[in-house]
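Quick caveat: nothing in here was measured; it's all calculated off a predicted structure.
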Amino acid sequence: MGSKRIERAIARWKADPQIMLEAQSFANEAAADQRDLLVISQSMTIAWLEKKVMDLQKQIQSVKQHEAERPSMPAHGALIGLE
């Protein structure tokens, strides 16, 4: 198809209000679908990150608890009589 033929077809479509209305409606639906997909994707990422933070907080708490329960070790120098 030549460029002139494309230009004429576009000019005809622009002159027809019904075609333009349908095209606008289609564009709006497509944009809404894109936004919905983006929102869903971002929501899933946020949920995953929140779970990761909770898991890491549990790990930190577990390490702190383990360290608190463990008897303190004397310094290395004290073991060999240097202190």
Side-chain angles (χ1 to χ4, degrees):
M1 223 192 274
S3 61
K4 197 63 174 176
R5 188 171 187 169
I6 293 170
E7 286 176 26
R8 287 183 185 148
I10 291 172
R12 268 194 322 276
W13 297 336
K14 284 184 178 181
D16 186 337
Q18 182 62 33
I19 290 175
M20 291 306 292
L21 186 62
E22 289 175 18
Q24 185 64 39
S25 175
F26 179 76
N28 289 342
E29 288 175 19
D33 289 344
Q34 289 281 332
R35 281 190 303 272
D36 290 347
L37 289 174
L38 180 61
V39 167
I40 290 169
S41 172
Q42 289 174 339
S43 294
M44 290 175 68
T45 300
I46 290 168
W48 180 82
L49 289 170
E50 287 174 339
K51 184 182 180 322
K52 190 72 171 169
V53 166
M54 288 190 301
D55 290 346
L56 291 172
Q57 287 173 333
K58 285 178 185 175
Q59 284 182 348
I60 290 169
Q61 198 64 303
S62 175
V63 168
K64 284 181 179 180
Q65 217 172 23
H66 183 69
E67 287 177 352
E69 293 171 356
R70 190 173 53 176
S72 61
M73 302 289 277
H76 180 67
L79 289 175
I80 57 175
L82 297 176
E83 289 185 10

Query - Pairwise distance CG(Asp33) to CG(Asn28) - rounded to 0.5 angstrom - result: 11.0 Å
What donor-acceptor contacts under 3.5 angstrom involve side-chain atoms of residues 45-68, with partners at least two apart or in another chain?
residue: Thr45; atom: OG1; partner: Ser41; partner atom: O; Å: 3.0
residue: Lys51; atom: NZ; partner: Asp55; partner atom: OD2; Å: 3.0

**Report entry** Separation of Ile19 CD1 from Arg12 CZ (nearest 0.5 Å)
**Finding:** 8.5 Å
Report task. For Lys4, check side-chain hydrogen bond (donor to acceptor under 3.5 Å, both in side chains) against everything at least two apart and list the hits. Result -> none
Report task. Enter the distance from Glu29:CD to Gln24:CD here, rounded to the nearest 0.5 Å. Result -> 11.0 Å
Report task. For the pair Ile10 and Trp13, evaluate side-chain contact (heavy atoms from CB on, under 4.5 Å) and give the outcome as yes or no after the intermediate values. Result -> CA-CA 5 Å; Ile10 291 172; Trp13 297 336; 4.1 Å; yes
**Report entry** Closest heavy-atom pair and its distance - Ala15, Pro17
**Finding:** O-CD, 3.2 Å
